[in-house]
Amino acid sequence: MNLSEVAMAAAITVSISGVSYAAFHTDTLTGTTLKVAQQVTCRTVDEAIVAYAAEHGGTPARIGQLRAYVKGDISAYRIVRGQATGPGCRPPA
C-alpha cells in the first residue's frame with residue numbers, strides 16, 4: 001500500500017465521520033446556525049436604513065421603523081444623523 005493510498009483512505013474516513021456527525025447531531029448544528037443568523041451587525045442596520053430611505057424617501061427617525069427590514073434583535077442600535085450607532089459601528093461623522 002502506497003502512502004498516497006493511505007492518505008486517501010484517511011481523507012475518506014474523516015469525510016464520512018463528518019457527514020455522520022452532521023446527520024446525527026442536526027439539532028446542535030441547526031441551533032448554532034440560527035443563533036448566528038439572528039445576530040445583527042451595524043452593517044445590517046445601515047442597509048436597513050438605506051432600504052427604508054429608498055422606500056419612504058427619507059431616513060427613519062427611530063430604530064423601531066426598521067424592524068420590517070431586519071430579521072433579528074436591533075434593540076442595541078440607535079439612529080444618529082441618519083446612521084446606525086451601536087455595537088461595532090463607527091461613530092457618526
Side-chain angles (χ1 to χ4, degrees):
M1 193 174 255
N2 294 339
L3 185 60
S4 62
E5 292 172 343
V6 171
M8 184 62 74
I12 291 170
T13 302
V14 169
S15 176
I16 291 171
S17 298
V19 170
S20 298
Y21 179 84
F24 291 115
H25 295 88
T26 56
D27 291 339
T28 303
L29 296 173
T30 305
T32 302
T33 303
L34 290 174
K35 185 177 179 182
V36 170
Q38 291 175 347
Q39 292 177 349
V40 176
T41 64
C42 189
R43 182 180 178 119
T44 305
V45 178
D46 278 335
E47 289 174 356
I49 291 171
V50 171
Y52 180 94
E55 186 173 328
H56 297 281
T59 58
R62 297 178 323 277
I63 199 71
Q65 293 173 292
L66 301 177
R67 295 205 191 282
Y69 300 91
V70 179
K71 291 183 181 180
D73 183 20
I74 58 174
S75 62
Y77 296 91
R78 293 178 297 126
I79 299 172
V80 176
R81 290 181 265 174
Q83 293 181 336
T85 59
C89 298
R90 293 183 186 174

Are there more than 12 heavy atoms of other residues, nucleotides or ligands under 6.0 Å from atom CZ of Arg67?
-> yes
Euclidean distance, Gln65 CD relative to Thr59 OG1, rounded to 0.5 Å = 9.0 Å
Correct closest heavy-atom pair for Tyr52 and Leu66 would be CB-CD2, 3.8 Å
Which heavy atom in Ala84 sits nearest to a heavy atom in Val45, and how many Å separate them?
-> CB-CG1, 3.5 Å
Minimal heavy-atom distance between Pro87 and Ala76, with the atoms involved, is CD-O, 3.5 Å
Measure the spacing between CD1 of Ile79 and CG of Asp46 and express it to the nearest 0.5 Å.
-> 9.5 Å
Minimum heavy-atom distance between Pro60 and Ile49, given as atom pair plus value | CD-CG2, 4.0 Å
Nearest heavy atoms of Ala48 and Tyr69, plus distance in Å | CB-CB, 3.8 Å
Distance-minimising heavy-atom pair for Tyr77 and Val40 | OH-O, 3.1 Å
